[in-house]
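From a predicted model like this one, the values you see are computed outputs, not experimental measurements. In what follows, every chain begins at residue 1, and chains take the letters A, B, ... in the order their sequences are listed.
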Amino acid sequence: MTGRLPLAGLALAAALLAAAAALAFAAISSSGNSGTLEQRAHAVAATLKCPVCHDLSAADSPAPVAQQMRAQITEELRAGRTPDQIRADFVGAYGEWILLSPPQQGLGLLPWLAPGLLGMAGLALVAVTLRRWSRPHEADPTDAAAPQLTAADRRLLDKALAAARGEVD
Amino acid sequence: MGWRRWTALAAVVVGVGLTALLLGSGLGHDPNRLPATLVGRQAPDFDLQAIDGGGQRAHLAALHGEVVILNFWASWCVACQTEEPALRDAFERYRDRGVTLIGVSFQDSATDARAYAASRRIPWMLLDDPGSRTGLAYGVSGLPETYFIARDGTVSYKAVGPVNQALVNQQLRRLQAEGAA
């Protein structure tokens, strides 16, 4: 039992850290702002929902309106507008539901904070587990509670054990 | 052991609290109800050509001082056909009372839209929207959608789905009363 607990804790900590790293990576990779005009337009479109589809981004949807969104985004980037300005226009027309990522305010902050919180929880779990491993083994409380044998009892016990061994042999 | 119990209790309380918060927020929100973000704001301007190819144009800024009903539609849209009598009635009754009814085709080919309008003898101005620029600026996500624009150019009301006569009359009477006040 004592050997399993640290292993389970370590596995949980590793899972939490992996989840946090994945979320952080996704957040960083989705905010890319470099590359060719097409790549930049695709990156902006990937942050917007296709307004006539279910759960598809404007970058991935084959719907004509998504194609028109991509064309409009490309045109506006070419005209020197920033991705944030373009997104703000779509939010102004459609509302915040057009954003694939939640807004960084109110309840929308939760998914942004979750990677950090999960990471901290994972590190805390690792620290506690390592501390428990490195601590010298304490005496088994059941041993301390056991009554000490007297010399007579010890002799009786040895005799009984020898007799038992003799029966077995 | 005491701190472990407290930690576990705190974790359960935080977990239950967060779940309740998320569920409360999610369940209190109707996913089918789209926010009308443009209501109360200046209507996006447009300058579009009529689908009949006659060269006639409509520029929203030039209609300042009039109430405008802006209806997004398509020839393939069945729901658009159900609202056509209400729009026809509004056009006939309010055309000489400072109300302009404009249809903007959305996600439709100019040829299909033109053929449909001719077959139904639609009397109000129908505009072509290349690249859906105007539809995207108004946040159109389904058809039909109808915007009621006040005399000062602000969006007063957005109707998602087919409008009926009662709704159109109610909105126009309100806008005309606001204009007269």
Ring-face cation contact, B/Y94 with B/R97, 6.0 Å cut, 45° max: yes
Salt bridge present between A/E76 and A/R70 (N-O < 4.0 angstrom): no
Salt bridge A/D89-A/R81, side-chain N to carboxylate O under 4.0 Å: yes
Any residue of residues 58-75 of chain B which, by heavy atoms, sits under 4.5 Å from chain A: none
Heavy-atom side-chain contact between B/I102 and B/T100 under 4.5 Å: yes
Donor-acceptor pair between B/Q107 and A/Q68 side chains, under 3.5 angstrom: yes
Exercise: identify the closest heavy-atom pair between A/L48 and A/L100: O-CD1, 3.9 Å
Structural part of B/R41 lying under 4.5 Å from a heavy atom of chain A: side chain
